[in-house]
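See below for the structure under consideration.
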Amino acid sequence: MREIKKDVYYVGAVDWDRRLFDELIPLPDGTSYNVYLIKGSEKTALIDTVDPPMEHGLIDNLRDIKIDYIIAHHAEQDHSGALPRILEKYPDAKIVTNPKCKTMLMDLLHIPDDKFITVNDREILSLGDKTLEFIYAPWVHWPETMLTYLKEDKILFTCDFLGSHLAASDLFVTDESRVYEAAKRYYAEIMMPFRTTIRKNLEKIKDLKIDIIAPSHGPLYDNPEFILDAYRDWSSDEVKNEVVIPYISMHGSTKEMIDYFVDALIERGITVKPFNLTKTDIGELAMALVDTATIVVGSPTVLVGPHPNVVYAVYLVNVLRPKVKFASIIGSYGWGGRMVEQVAGMLTNVKVEILDPVIVKGLPKKEDFKALDRLADEILSKHRGIE
Ligand code: FEO
């Protein structure tokens, strides 16, 4: 137990070793499942739980403190998965959540109906000398998510929202640049598809007086504006003068084009972020998508379509729905194919203007490099006015 403010404790678990989330998302810095204990003069509340493999740590941390309420912000198992075990240990405790989260917890974890108290948006729960206000915040990260504001201590508990996958021994942020990277990666992988609702949720909490933001992953923020500003920026419509190039090359033709094109963009003062998909960490690519104005996909033709690794990357771009404005495709083929149609056809969720692709047969020739210059010029002109 680590005290955050008087009678408010951190009782969660740091997962130093975890390297993959949802069998999909790389966690280069591990993560934490933050759980908080609030001891009021009359009642005690636990905020969320931990991923089931860490539940023994949570039980140890709680010792034999009596728990009256378990606030469930979110039904995903990294926060709710230890609820059955906690209810076993504390049979009189009630789960406090919203009706949607209750239904999901009943479906996902088979928790019986009589274990729940449901609350409305902005409803208050008194613990005696401490008061909790529940704030519905859908889509950060599932439709049922909510936040809790501890009024007397001005602490906003935000679950996934504003968090980061970062295992750290310090409770609070000590190195903002390191946490910025981890929080941006987390935003890119988890939150970016919900950019519009994130803006609404930021608006909803803007009048709260907040001293501490306490997310359920990563360090706590005692300078809340640091992460709120970052989220305002990432979720805004503003893009940067950048081109992200996820690519792959089989026999070197596409690589020659990529190398030339990267130089052509740099010469025009555009920031370029190429990602060789045989080597890249997919989280790095997701981070680069947060701000970029343009994506140019580079692929050879395999059978009649793009390389499967490129299909995977384009699929991710489509589901992560970045605010990208322009897209194009460059690459090569041996005898034919429909790569351009297939890549463009996958980008159904992103509102991009497709710029004329450059697809060549075999190794690029002089006129193909001129076509790449033409594409670089077009991107330069489209980026005019973007910083
Ligand atoms: Fe950390 Fe959406 O769970």
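All of these numbers come straight from a predicted model, not from anything done at the bench. First listed ligand is number 1; within each ligand, the first listed atom is number 1.
- You'll find the ring centres of Tyr186 and His217 inside the 6.0 Å limit.
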Name the atoms and distances for all side-chain donor-acceptor pairs under 3.5 Å in residues 102-114, with sequence neighbours left out.
from	atom 1	to	atom 2	distance (Å)
Lys102	NZ	Asp113	OD1	2.8
Thr103	OG1	Pro99	O	3.0

Donor-acceptor pairs under 3.5 angstrom involving side-chain atoms of residues 350-357: please list them, not counting sequence neighbours.
from	atom 1	to	atom 2	distance (Å)
Glu353	OE1	Lys382	NZ	3.4
Glu353	OE2	Lys382	NZ	2.8

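- For Arg122, the CZ atom is densely surrounded, since the number of other residues' heavy atoms within 6.0 Å is greater than 12.
- Atom 1 (Fe) of ligand 1 sits nearest to atom NE2 when only the N, O or S atoms of His217 are considered.
- Annotation: protein N, O or S atoms under 2.8 Å of atom 2 (Fe) of ligand 1 (waters excluded) comprise His74 NE2, Glu76 OE1, His141 ND1, Asp160 OD2.
- For Lys370, the NZ atom counts as loosely surrounded, since its 6.0 Å shell holds 12 or fewer non-hydrogen atoms of other residues, nucleotides or ligands.
- Legend: ring-ring contact (aromatic ring centres under 6.0 Å, His included) pairs involving residues 244-299, not counting sequence neighbours, sorted by first then second residue: Tyr260-Phe369.
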